[in-house]
Amino acid sequence: MSEVEVGVFLSHLAVDRRVAAATQSQALNVLVFLYREVLEQPLGALPAVLSIEEVGALLAGLDGVCWMIGGLLYGSGLRLREAVGLRAKDLDFARLALVVRHGEGGKDRRVTLPPELVRPLQRHLGVRKDEHRRDRERGFGSVYLPYALARKYPNAPVEWGWQFVFAARAPARDPRTGIVRRHHVHESAVQKAIKRAVRAARIEKPATCHTLRHSFATHLLEGGMDTRTVQEQLGHRDVETTQIYTHVLQRGGMAVASPLGTALAHRREAEGAYGA
């Protein structure tokens with residue numbers, strides 16, 4: 001199995017089995033050891049990375065919620081599960097930042113929010129807020145909260161700030177509690193949209209949602225960002241994990257400026273040239 005299946009398994013542990021962050025980390029370490037020492041096929045040896053032009057072409061094949069999520073995967077370096085799990089209170093438009101909660105190792109981190117996504121996200125949140133109001137009127141406006149938060153803050157599940165930014169189209173019964181509520185959009189919907197966009201852009205590389213995160217890191221280092229800052233943006237516990245991108249560059253890499261704007265600008269220039 002490849003990195004994709006390993007990633008799906010680790011997500012299954014966290015989302016479905018609800019294991020502790022330390023348990024998920026232990027499972028990852030075991031798999032890394034197995035692939036490196038036993039199978040002699042190290043995981044993540046050299047991740048696939050798209051060019052700026054390829055990123056622009058891929059994003060041009062997305063729309064709506066999937067376009068915003070794709071923009072966050074590349075523009076903020078988020079993992080897919082981190083992007084779909086964002087809550088309304090996690091977005092700080094004034095400071096162009098967002099908070100990733102319970103990332104790798106169970107830690108929160110603060111990362112850059114691309115200015116190009118501010119207005120689309122603000123418009124989207126306006127629609128979501130109206131949707132949440134209607135949900136509450138119909139009696140299912142609560143949301144799942146992790147760990148003991150729901151017990152500690154009994155009103156939090158229905159508060160706007162805790163609602164998912166990218167919610168599912170329809171409420172569903174939570175199998176864990178039996179409560180009908182609106183969860184976040186399913187990861188598979190975004191994965192399928194990315195796959196279609198890759199085909200439409202005629203990108204030959206094995207590009208996935210995670211490839212946008214790899215490309216974010218590589219393009220930051222290409223632009224001269226230091227490895228330590230990139231590590232903090234990605235939420236890597238070990239700087240050695242981040243340093244793999246310097247091998248992709250074959251060269252070494254300070255406020256964080258998102259590369260999303262450059263990718264979108266390239267796309268606009270290309271469309272203008274085609275139109276001429």
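All values derive from a computational prediction rather than experimental measurement.
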Measure the shortest side-chain to side-chain distance between Arg133 and Glu137 over non-hydrogen atoms and say whether it is less than 4.5 angstrom. yes
Quick one: are Pro157 and Tyr144 in side-chain contact, heavy atoms under 4.5 Å? no
Determine whether more than 12 heavy atoms belonging to other residues, nucleotides or ligands lie under 6.0 Å from atom CZ of Arg202. no
With sequence neighbours excluded, residues passing salt bridge (charged side-chain N to carboxylate O under 4.0 Å, His left out) with Lys129: none
His266 side, atom NE2; Glu54 side, atom CD - distance, nearest 0.5 Å: 12.0 Å
Is there a continuous path of hydrophobic side-chain contacts, each under 4.5 Å between heavy atoms, that joins Met225 to Ile52? yes
Count I, L, V, M, F, W, Y as connected when their side-chain heavy atoms are under 4.5 Å apart, and connections chain through other members. Are Trp67 and Val65 then in the same cluster? yes
Is Glu82 paired with Arg109 through a side-chain N to carboxylate O contact shorter than 4.0 Å? yes
Would a single hydrophobic cluster contain both Leu96 and Leu260, if residues Ile, Leu, Val, Met, Phe, Trp and Tyr are joined by side-chain heavy-atom contacts under 4.5 Å? yes
Smallest separation among heavy atoms of Leu59 and Leu264, with atom names: CD1-CD2, 4.1 Å
Would you give the length of the straight line joining atom CG of Leu117 to atom CZ of Phe93, rounded to the nearest 0.5 angstrom? 9.5 Å
With a 3.5 Å cut-off and sequence neighbours excluded, list the donor-acceptor pairs that the side chains of residues 165-174 form with protein atoms.
unit_1, atom_1, unit_2, atom_2, d
Arg173, NH1, Gly178, O, 2.7
Asp174, OD1, Arg176, N, 2.9
Asp174, OD1, Arg176, NE, 3.1
Asp174, OD2, Arg176, NH2, 3.2
Asp174, OD2, Arg181, NE, 3.4
Asp174, OD2, Arg181, NH2, 2.8

Roughly how far, to the nearest 0.5 Å, is the CG atom of Leu78 from the CG atom of Leu98? 5.5 Å
What do the steps show when you test Leu234 against Phe216 for side chain to side chain contact (heavy atoms under 4.5 Å, CB included), and what is the final call? CA-CA 9 Å; Leu234 295 176; Phe216 164 83; 3.8 Å; yes
Heavy atoms, side chains only, cut-off 4.5 Å: are Val55 and His219 in contact? yes
Check this for me: Glu53, atom CD, are more than 12 non-hydrogen atoms of other residues, nucleotides or ligands nearer than 6.0 Å? yes
Check whether any side-chain heavy atom of Leu145 lies under 4.5 Å from a side-chain heavy atom of Val143, and answer yes or no. yes
Tell me whether the count of non-hydrogen atoms from other residues, nucleotides or ligands lying under 6.0 Å of NZ in Lys195 goes above 12. no
Residues Pro114 and Ser258: closest non-hydrogen pair is CG-OG, 3.5 Å
Could you give me the CA-CA distance, side-chain angles and deciding distance for Thr208 and His210, then say whether side-chain hydrogen bond (donor to acceptor under 3.5 Å, both in side chains) is met? CA-CA 5 Å; Thr208 65; His210 213 62; over 6 Å; no
Between Leu212 and Ile194, is there a side-chain heavy-atom distance shorter than 4.5 Å? yes
Within this structure, what is the CE-CD distance for the pair Met68 and Glu116, rounded to the nearest 0.5 Å? 14.5 Å
Check: His214 main-chain N/O paired with Thr218 side-chain donor or acceptor under 3.5 Å: yes
We want to know whether Gln122 and Arg119 form a side-chain donor-acceptor pair, criterion being a heavy-atom distance below 3.5 angstrom. no
Rounded to the nearest 0.5 Å, the CZ atom of Arg182 sits from the CG atom of Asp135 at a distance of 4.0 Å
When every non-hydrogen atom of Tyr74 is compared with those of Pro259, the smallest separation belongs to OH-CB, 3.3 Å
I need the single residue from His132, Glu131, His124 that forms a side-chain hydrogen bond (donor to acceptor under 3.5 Å, both in side chains) with Arg128. Which is it? Glu131
Student check: side-chain heavy atoms of Ile69 and Leu80 closer than 4.5 Å: yes
Hey, could you give me the CD/NE2 distance between Glu232 and His236, rounded to the nearest 0.5 Å? 12.5 Å
Looking at Asp90 and Arg87, is there a salt bridge between them, counting it only when a charged N and a carboxylate O are closer than 4.0 Å? no
Can you check whether Val84 reaches His186 side chain to side chain, under 4.5 Å on heavy atoms? no
Write down the atom of Gly75, the atom of Thr112, and the distance for their closest heavy-atom approach. O-CG2, 3.8 Å
Return the minimal non-hydrogen interatomic distance between Ala97 and Leu113, and the atom names on each side. N-CB, 3.5 Å
List the steps, then state whether side chain to side chain contact (heavy atoms under 4.5 Å, CB included) holds for Asp92 with Arg110. CA-CA 10 Å; Asp92 186 343; Arg110 193 174 182 85; 2.6 Å; yes
Is there a side chain to side chain contact (heavy atoms under 4.5 Å, CB included) between Leu86 and Leu72 once you walk through the steps? CA-CA 11 Å; Leu86 285 172; Leu72 289 170; 3.8 Å; yes
With a 4.5 Å cut-off on side-chain heavy atoms, are Lys205 and Thr211 touching? no
